[in-house]
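Start at 1 with the first residue, then count along the sequence.
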Amino acid sequence: MELSILPAGKQTILAIGLMSGTSADGVDAALVEITGWSTATRVRQRGFVSIPYEEPMRRELLRLAAGGAGGSRDLCLVNFRLGALFADACEAVCAAAGVDPGEVDLVGSHGHTFYHVPVAEDYLGAPGRGTLQLGEAAVIAQRLGCPVVGDFRVRDMAAGGLGAPLVPYTEYLLYRSESENIALQNIGGIGNVTMLPAGCGLKDVYAFDTGPGNMVMDALAARATGGARRWDEGGRLAARGRVDAGLLEWLARDEYLRLPPPKTTGREYYGQDYVARLVEEGRARGLSWEDMLATATDFTALTIQYSLEHLCAHRAQRLIVGGGGALNPTLMAFLRRRLPGCRVMTNEELGLDGNAKEAVAFAVLANEFCHGVPNNAPRATGAARPVVMGKLTLA
């Protein structure tokens, strides 16, 4: 029996991509039209919304993602609660675009990452790896009445990959150039870069996590304001401080920075324990919160500079910055100062929506899944071979 996932004979489908990042700020939902698949893929964005998590939910996500608290009951309940919030976001983006949810053909959902162990650790006397993303797809499928593809990371890890980064495949489809070496830097909770050499094929694409994106800055902003702010909006607090050379040198000793790709990281490394050590070091140096924030902001820029100059085999001629970090003028100024020989720009300068980029990617990855097309980038993740990532929940 042949399984039909997408509407037969339909040239252009209407899809929603969902993303919940490591900063736990909220759910991003992008509504897109997708025509074709593989290198013939064409995408047109119809709508985008970002729905913030209410503070109790955000605290619970951060608590459970810390890795040291919470049991199976908590994970069971948060899985279904996230599924409902993801379905809410789907309905919200449809309302914003003036589209009936019943018209949606497909949803691609990254889920929310609760823990990620990409490199083998000892577990019960044997090497153990794993990854856990939650946000129940069945709840989304029930509400939207269409197929949902989710849980992408696990298939790449089963093939020996790190399960991250996942976006390079879609960046290859949508951003590649015949004449320029293009680097795409996402600055979400974690920073990650994708290199698209001029005239590249998928086998030439490589990517890796550069280190902390907004995660450390967000945590410092929350501490500096007694929890009144979740992030340093517009980089204003950092702009009032000064970069401390000694603290920056201390941060630059980070072992992760020099690890060769493929590599990936997350909250398990740059979480609250890391921030506590940073604050302790900053206080020992007599620094203000603003100085610590300025230094942490420049450190994110430094990790990107180091990655491009020391870990990439091609010199980036253009760096396209997306994610929340692209909205931080202080961070962008640090980045441009550190990369004078590279054109640093945002997606918006290309007429694209940088906030929606990752959510759009999961709609595209879901579409590739439905056509049976391998949708990982093995050189980026370290997987032994191309695989079709995702798990399908039918309506």
Side-chain angles (χ1 to χ4, degrees), residues 16-31 47-96 101 107-116 131-144 148 150-153 188-190 212-233 266-268 270-275 323-325 327 355-356 358-359 362 393:
I16 294 174
L18 297 170
M19 177 67 190
S20 176
T22 49
S23 293
D25 293 326
V27 185
D28 292 342
L31 180 69
F48 174 74
V49 297
S50 187
I51 311 295
Y53 289 123
E54 293 183 359
E55 190 56 34
M57 184 63 180
R58 183 172 188 266
R59 285 198 302 267
E60 182 71 348
L61 292 179
L62 294 176
R63 180 182 78 87
L64 294 174
S72 55
R73 176 184 180 275
D74 295 326
L75 294 173
C76 171
L77 292 173
V78 80
N79 181 39
F80 268 64
R81 179 63 181 144
L82 278 171
L85 293 175
F86 291 169
D88 289 345
C90 289
E91 292 173 348
V93 75
C94 286
V107 173
S109 176
H110 173 271
H112 186 85
T113 297
F114 281 81
Y115 216 71
H116 189 57
T131 189
L132 179 64
Q133 284 74 44
L134 298 177
E136 184 51 56
V139 176
I140 306 171
Q142 179 66 26
R143 288 267 294 276
L144 271 289
V148 178
D151 210 5
F152 293 91
R153 290 193 196 276
I190 293 296
N214 300 313
M215 184 179 294
V216 174
M217 293 183 280
D218 291 350
L220 285 174
R223 289 185 179 221
T225 62
R229 298 187 188 180
R230 291 183 180 180
W231 60 85
D232 182 13
E233 188 172 357
R267 189 170 295 281
E268 66 281 354
Y270 290 109
Q272 291 300 327
D273 289 345
Y274 179 93
V275 174
L327 304 177
N355 290 326
E358 286 203 305
F362 287 97
T393 300

Which pair of non-hydrogen atoms, one from [X] and one from [Y], has the smallest distance, and what is that distance?
{"X": "Phe152", "Y": "Ser109", "value": "CE1-O, 3.5 Å"}
{"X": "Tyr115", "Y": "Gln133", "value": "O-NE2, 4.5 Å"}
{"X": "Leu18", "Y": "Ala89", "value": "CD2-CB, 4.3 Å"}
{"X": "His110", "Y": "Ser20", "value": "ND1-O, 4.1 Å"}
{"X": "Pro212", "Y": "Tyr270", "value": "CD-CZ, 3.4 Å"}
{"X": "Asp28", "Y": "Ser50", "value": "OD1-OG, 2.6 Å"}

If we only count heavy atoms from C-beta on, is the [X] to [Y] side-chain gap below 4.5 Å?
{"X": "Val275", "Y": "Met215", "result": "no"}
{"X": "Leu220", "Y": "Asp232", "result": "no"}
{"X": "Asn214", "Y": "Trp231", "result": "no"}
{"X": "Asp88", "Y": "Ile51", "result": "no"}
{"X": "Arg153", "Y": "His116", "result": "yes"}
{"X": "Arg267", "Y": "Leu62", "result": "yes"}
{"X": "Phe362", "Y": "Val107", "result": "no"}
{"X": "Ile140", "Y": "Thr393", "result": "no"}

*Take Cys94 and Ile16 through the test side-chain contact (heavy atoms from CB on, under 4.5 Å) and record every step on the way to the result.*
CA-CA 9 Å; Cys94 286; Ile16 294 174; 3.9 Å; yes
*Is it true that a side-chain atom of Glu54 and a backbone atom of Pro56 form a donor plus acceptor pair closer than 3.5 Å?*
no
_Would the distance check show the side chain of Asn79 and the main-chain N or O of Glu136 forming a donor-acceptor pair, the cut-off being under 3.5 Å?_
yes
*Between Tyr53 and His112, what is the ring plane arrangement, given parallel below 30°, perpendicular above 60°, and tilted in between?*
perpendicular
More than 12 foreign heavy atoms under 6.0 Å from [atom1] of [X]: is that the case here?
{"X": "Gln142", "atom1": "CD", "answer": "no"}
{"X": "Arg229", "atom1": "CZ", "answer": "no"}
{"X": "Arg81", "atom1": "CZ", "answer": "no"}

*Can you check side-chain contact (heavy atoms from CB on, under 4.5 Å) on Phe86 and Val148, steps first, answer last?*
CA-CA 11 Å; Phe86 291 169; Val148 178; over 6 Å; no
*Yes or no on side-chain contact (heavy atoms from CB on, under 4.5 Å) for Arg58 and Arg230, after CA distance, side-chain angles and deciding distance?*
CA-CA 10 Å; Arg58 183 172 188 266; Arg230 291 183 180 180; 3.4 Å; yes
*side-chain contact (heavy atoms from CB on, under 4.5 Å) assessment of Leu61 paired with Leu82*: CA-CA 10 Å; Leu61 292 179; Leu82 278 171; 4.1 Å; yes
*Nearest 0.5 Å, what's the CG-CD distance between Leu327 and Glu233?*
9.5 Å
*Rounded distance (nearest 0.5 Å) linking atom CZ of Arg63 with atom CZ of Phe114*: 10.0 Å
